[in-house]
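Proteins come first, then strands; the chains are lettered A, B, ... in the order of their sequence lines, and each starts at number 1.
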There are 2 protein chains.
Amino acid sequence: MLDDLAAAGADLRSDMLLLDQQLCFSLNAATRAFGSVYRTALKDLGLTYPQYLVMLVLWEHGELPVKRLGERLRLDSGTLSPLLKRLEATGLVARERSPQDERSVIVSLTPAGRDLRDPARAVPRHIGAAAGLSLAELRTLRELLTRLTANLDAAEA
Amino acid sequence: MLDDLAAAGADLRSDMLLLDQQLCFSLNAATRAFGSVYRTALKDLGLTYPQYLVMLVLWEHGELPVKRLGERLRLDSGTLSPLLKRLEATGLVARERSPQDERSVIVSLTPAGRDLRDPARAVPRHIGAAAGLSLAELRTLRELLTRLTANLDAAEA
DNA sequence: GACGATTGAGTTGTGCGCAATTGAATAGCG
DNA sequence: CGCTATTCAATTGCGCACAACTCAATCGTC
């Protein structure tokens, strides 16, 4: 089959297959390598990588319901609920039912959670250096990943 | 410090910080979106996404020790051992101690595992279509991810 | 206002990912 | 040869991710 296509001079499709397979390897490897560097960088802050991502959103937005947090991070309540309980247990975050809609839970920063923002500023600097890619390359990478995610999510639905 | 740089007309560094933060979001989102599409595509085969990655390596190499499998996939025995036990339980894979070196375990395909390769060929085609990126873009993406991983791993060590 | 449908969090169960540890087999050095 | 150090797989413990489900609150329609 591969020979047939090669013989036809159009191995574009088989290239696509190989690339896709290689892409799933490299995407997974990159995510875990990224996570690994973040993990060591976040160790002093007492945060895991996913917890740090949640804190980033909260530092940006101040407070918001679990639903919005999940949309922003592409995570559902099955993941967020226990994670937020842990963040609450460490005193970084507060959770309370919205008075307007008793179904939703508003997640907000405690003073300790806000105070963590400053020491956390060192983290992306460290990662940026370790990544070793140019600004243009990082931009390209982010843009491709964003489009890939949008396309995949659209195809899924 | 950020102000100093901005005053110098070079917010390249702060751009880097923002980009890095956005990159960790998009990288995570993309990985999970990818995994989600693979999950549904692999449902009929009875494989999870990580199990599929293991099978890909085995389909390519025939058989190899757990160590090599882990190097190829950037996974350690803590992840692979239970995963391989599950693949063994479903009858796709066999595990046996190497006679040359009793420490290492050789993982090989059973006939059922080999037979799964043909129906599995439909999977990357489906993902490639859902990705919605050009061949050139996929190539660029893979290349950037590979370099990113290499750089991060080097920085980690 | 009553009621079925929908929405938002939470829980449970399964599997992945990693750090830390264990234990057995091998390699290397004196 | 004997002893230590290293290597490899497996295990344990913890946290993340997701599917499936529960339950309460809200919305829509009548």
Quiz item: Is the shortest side-chain N to carboxylate O distance from A:Glu102 to A:Arg97 below 4.0 Å?
Solution: no
Quiz prompt | Gap between atoms CG and P, on A:Leu75 and D:dA19 respectively (whole Å) | solution = 12 Å
Practice problem: Establish, with yes or no, whether the OP1 or OP2 oxygen of C:dG10 is under 4.0 angstrom from a side-chain nitrogen or oxygen of A:Arg95. | Solution: yes
Quiz item: With a 3.5 Å cut-off and just heavy-atom distances, do the side chain of A:Ser77 and the base of C:dG10 make a donor-acceptor pair?
Solution: yes
Quiz item: Listed by chain and number, what are the side chain to side chain donor-acceptor pair (under 3.5 Å) partners of A:Ser81, not counting sequence neighbours?
Solution: none
Quiz item: Does B:Arg97 put a side-chain nitrogen or oxygen below 4.0 Å from OP1 or OP2 of D:dA9?
Solution: no
Self-check item: 5'-most by nearest nucleotide on DNA chain C - A:Gly78 or A:Arg39
Solution: A:Gly78
Self-check item: Electrostatic pair A:Glu71-A:Arg68, nearest N-O below 4.0 angstrom
Solution: yes
Practice problem: Tell me which of A:Asn28 and A:Pro65 sits closer to the 5' end of DNA chain C, going by the nucleotide each one is nearest to. | Solution: A:Pro65
Quiz prompt | Nucleotide nearest B:Lys43 (side chain, heavy atoms from C-beta), chosen from D:dA20, C:dA19, C:dG10 | solution = D:dA20
Practice problem: Side chain of A:Asp101 only, please: which of C:dG17, D:dT26, D:dA17 is the nearest? | Solution: D:dT26
Self-check item: Parallel, tilted or perpendicular, as decided by the 30° and 60° cut-offs, for the rings of B:Tyr38 and B:Tyr49
Solution: parallel
Quiz item: OP1 or OP2 of C:dG10 sitting under 4.0 Å from any side-chain N/O of A:Ser81?
Solution: yes
Quiz item: Between B:Glu96 (CD) and D:dA9 (P), how many Å, whole number?
Solution: 14 Å
